[in-house]
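Quick notes on the structure that follows.
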Amino acid sequence: MKPWLKYSIVRLGLFAVVLGVLLVLRLDPLWATVIAAVVGFCVSYLFFAPLRHRVALDLADRRSRPATPDDDSLAEDEAIADDETDTDRARS
C-alpha cells in the first residue's frame, strides 16, 4: 500500500474514532469536530512520525523522477510548434 494512502487512512480513522467518542459523550458537534481535529493532529504528529517520514520520502522520490510525456502532451507540443512556425513564415 502506498505510504500516503496508509497515512491518510490512519489519520482519518483516528479522527473518526475521536469524533465518535466525543459525539457519544453528547458534546456539541461543532466542538467535537474541532477537538477531534486537534487531537488527531497532535497524536499523528507525535506518534506517526515514521509513517510521515515515509510519505515525505515517497513524494520526494516521485518529484525527482523526470516526467514522461503522454500522447496528449506530445500532440499539444507539436501543435504549438506548428503554430509558431506558421506565424514566423507569415511575418517573413
Side-chain angles (χ1 to χ4, degrees):
M1 181 182 291
K2 295 183 181 183
W4 64 267
L5 184 61
K6 186 176 181 179
Y7 183 67
S8 298
I9 290 171
V10 168
R11 284 196 66 181
L12 285 173
L14 177 65
F15 172 78
V17 167
V18 174
L19 181 61
V21 168
L22 292 174
L23 290 176
V24 166
L25 294 175
R26 299 281 211 188
L27 200 63
D28 179 51
L30 177 66
W31 284 110
T33 304
V34 170
I35 292 170
V38 170
V39 169
F41 170 75
C42 292
V43 170
S44 67
Y45 185 76
L46 292 174
F47 297 109
F48 301 148
L51 189 55
R52 189 175 59 246
H53 183 68
R54 276 185 265 158
V55 171
L57 290 176
D58 184 53
L59 290 174
D61 179 51
R62 190 177 313 158
R63 181 80 171 133
S64 66
R65 280 189 246 145
T68 56
D70 56 352
D71 292 337
D72 242 6
S73 297
L74 293 174
E76 289 174 357
D77 291 345
E78 288 175 16
I80 290 172
D82 289 343
D83 287 345
E84 288 175 354
T85 56
D86 290 344
T87 305
D88 289 342
R89 287 182 190 156
R91 288 184 188 163
S92 305

- [ ] May I ask whether Leu46 and Val55 are part of the same hydrophobic cluster, defined by side-chain heavy atoms of I, L, V, M, F, W, Y residues being less than 4.5 angstrom apart, directly or through others?
- [x] yes
TODO: Sequence neighbours left out, what passes side chain to side chain contact (heavy atoms under 4.5 Å, CB included) with Leu19? Give chain and number order.
DONE: Phe15, Leu23, Ala32, Thr33, Ala36
Task: Whether Arg52 side chain and Ser44 backbone form a donor-acceptor pair below 3.5 Å - done: yes
Task: All pairs passing salt bridge (Lys or Arg N to Asp or Glu O under 4.0 Å) where residues 4-29 contributes a residue, at least two apart - done: none
TODO: Tell me who clusters with Leu12, hydrophobic residues only, linked when side chains sit under 4.5 Å apart either directly or through other members.
DONE: none
Open item on the list: Suppose we screen for side chain to side chain contact (heavy atoms under 4.5 Å, CB included). Which residues come up paired with Leu5, at least two apart in sequence or across chains?
Closed with: Met1, Lys2, Ile9
Open item on the list: Just to verify, which of Leu14, Val10, Val38 counts as forming a side chain to side chain contact (heavy atoms under 4.5 Å, CB included) with Val43?
Closed with: Leu14
Open item on the list: Test of understanding: clusters of I, L, V, M, F, W, Y form through side-chain heavy atoms closer than 4.5 Å, transitively. Do Leu25 and Val18 belong to the same one?
Closed with: no
Open item on the list: According to a hydrophobic-cluster definition based on side-chain heavy atoms being under 4.5 Å apart (Ile, Leu, Val, Met, Phe, Trp, Tyr only), do Phe47 and Leu51 belong together?
Closed with: yes
- [ ] Output all residues satisfying salt bridge (charged side-chain N to carboxylate O under 4.0 Å, His left out) with Asp58, sequence neighbours left out; order by chain, then residue number.
- [x] Arg62
- [ ] Please check if Val24 and Leu22 belong to a single hydrophobic cluster, counting links between Ile, Leu, Val, Met, Phe, Trp and Tyr side chain heavy atoms closer than 4.5 Å.
- [x] no
Anything under 3.5 Å between a donor and an acceptor, one on a side chain of residues 70-79, the other on a protein residue two or more places apart or in another chain? List them.
from, atom 1, to, atom 2, distance (Å)
Asp70, OD1, Ser73, N, 3.1
Asp70, OD1, Ser73, OG, 2.6

TODO: Quick one: list whatever passes salt bridge (charged side-chain N to carboxylate O under 4.0 Å, His left out) with Arg65, sequence neighbours left out.
DONE: Asp61
Open item on the list: Going by the rule side chain to side chain contact (heavy atoms under 4.5 Å, CB included), which residues pair with Ser8 if we only count those two or more places apart in sequence or in a different chain?
Closed with: Trp4
